[in-house]
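Notes follow the structure.
Indexing begins at 1, ligand by ligand and atom by atom, following the structure's order.
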Amino acid sequence: MVGFTGTASRRKAASDLPPGQYLERGFPVLSAGPTPNIKRWELQIATENGAKSLSWDDFLALPQEDVTTDIHCVTSWTKLGTRWRGVSLDTLFDGLDTEHEFAMARSYGGYTTNVPLADLLGGKAWIAHTFDGQPLAPDHGGPARLFIPHLYFWKSAKWVQGIQTMPTDTPGFWEGLGYHSHGDPWKEERYS
Ligand SMILES: Nc1nc2c(c(=O)[nH]1)N[C@H]1C(S)=C(S)[C@@H](COP(=O)(O)O)O[C@H]1N2
Ligand SMILES: [Mo]
């Protein structure tokens with residue numbers, strides 16, 4: 001069996017690709033605008049019932065999680081086994097009540113993306129500050145980005161500034177330009 005390990009792992013890699021995706025070994029940068037210059041980082045988490053504002057130190061003092069998983073860009077690349085560290089959205093929403101089922105993520109620089117709350121909570125999403133053991137590079141969203149690996153990567157807002165719940169599913173930046181409002185790569189929810 002030992003002799004077949006390499007073959008098995010290559011086979012696994014191929015079958016791990018969602019439909020229409022190709023395997024990317026680099027890490028392309030995709031940004032709709034320039035990398036913002038963030039002078040004083042602060043994160044807002046808000047519902048209709050309350051809000052939290054976290055400084056960088058507050059954020060780093062929260063429980064940290066390591067996540068190793070695949071990422072899928074709607075432009076068809078998939079990168080396998082990427083390593084991230086950050087704070088779970090469950091931790092960030094802890095203590096905030098909401099009846100809302102949707103949320104909008106907003107970034108420094110103005111980017112927005114809408115995500116159902118069910119896709120943010122339940123151990124599915126993080127705000128990540130470390131990639132592959134290094135501080136997240138500015139072009140990839142550093143100092144911190146939303147990280148929702150089970151959805152196409154445009155949902156993972158770089159330079160995230162805040163997450164606000166909302167009662168209805170309102171399109172963000174790319175969703176308003178025709179991208180799917182949900183973005184599940186396994187269902188090929190690319191465009192609406
Ligand atoms: N703030 C912000 N976040 C963003 C984007 C952007 O333009 N601005 N692009 C999105 C898109 S379309 C993709 S595919 C990923 C790319 O992340 P990367 O540049 O780290 O590969 O970031 C997403 N998050
Ligand atoms: Mo993208």
Side-chain angles (χ1 to χ4, degrees), residues 16-46 54 56 59 66-87 89 92 102-116 119-120 124-164 166 170-192:
D16 277 350
L17 295 182
Q21 296 293 108
Y22 71 87
L23 185 59
E24 170 66 53
R25 296 195 188 275
F27 193 178
V29 169
L30 286 113
S31 300
T35 295
N37 177 16
I38 303 169
K39 290 184 194 77
R40 189 171 142 274
W41 188 88
E42 192 171 71
L43 178 67
Q44 313 271 348
I45 308 289
L54 300 173
W56 184 249
F59 173 65
D66 290 296
V67 186
T68 298
T69 191
D70 309 337
I71 54 178
H72 313 287
C73 177
V74 73
T75 61
S76 296
W77 55 266
T78 283
K79 190 168 169 57
L80 299 176
T82 57
R83 292 170 52 225
W84 303 78
R85 183 171 177 81
V87 177
L89 268 289
L92 292 166
F102 302 96
M104 187 71 82
R106 293 176 194 282
S107 298
Y108 293 93
Y111 186 84
T112 55
T113 187
N114 56 301
V115 189
D119 289 279
L120 285 180
K124 292 183 190 156
W126 295 264
I127 291 185
H129 52 75
T130 297
F131 172 75
D132 215 11
Q134 301 295 322
L136 183 60
D139 284 354
H140 286 298
R145 76 182 298 165
L146 188 55
F147 182 58
I148 320 174
H150 72 288
L151 299 179
Y152 282 121
F153 214 35
W154 88 79
K155 297 287 186 182
S156 292
K158 303 198 278 191
W159 317 295
V160 65
Q161 191 278 324
I163 298 174
Q164 165 80 62
M166 53 186 186
T170 307
F173 175 75
W174 282 119
E175 296 83 4
L177 293 170
Y179 281 36
H180 199 280
S181 80
H182 186 225
D184 182 340
W186 296 95
K187 297 180 183 162
E188 284 210 84
E189 293 174 342
R190 295 176 192 272
Y191 310 105
S192 56

Residues that Thr68 engages under side-chain hydrogen bond (donor to acceptor under 3.5 Å, both in side chains), provided they are two or more places apart: none
Anything under 3.5 Å between an N or O on ligand 1 and a protein N or O? List each pair with its distance, or write none.
from	atom 1	to	atom 2	distance (Å)
ligand 1	1 (N)	Ser107	OG	3.3
ligand 1	1 (N)	Lys158	O	3.0
ligand 1	3 (N)	Lys158	N	2.8
ligand 1	7 (O)	Ala32	N	2.6
ligand 1	9 (N)	Leu30	O	3.2
ligand 1	17 (O)	Arg145	NH2	3.1
ligand 1	19 (O)	Leu30	N	2.8
ligand 1	19 (O)	Lys158	NZ	2.6
ligand 1	20 (O)	His140	ND1	2.6
ligand 1	20 (O)	Arg145	NH1	2.8
ligand 1	21 (O)	Pro28	O	2.6
ligand 1	22 (O)	Arg145	NH2	3.1
ligand 1	24 (N)	Ser156	O	3.1

No-hydrogen, no-angle side-chain donor-acceptor test under 3.5 Å, His72 and Gln21: no
Donor + acceptor pair across side chains of Asp139, Thr35 (<3.5 Å): yes
Parallel, tilted or perpendicular: rings of Phe27 and Trp84 (30°, 60°): perpendicular
is_close_aromatic(Tyr152, His180), centroid dist under 6.0 Å: no
Whether Trp154 and Tyr179 hold their rings parallel, tilted or perpendicular, with breakpoints at 30° and 60°: perpendicular
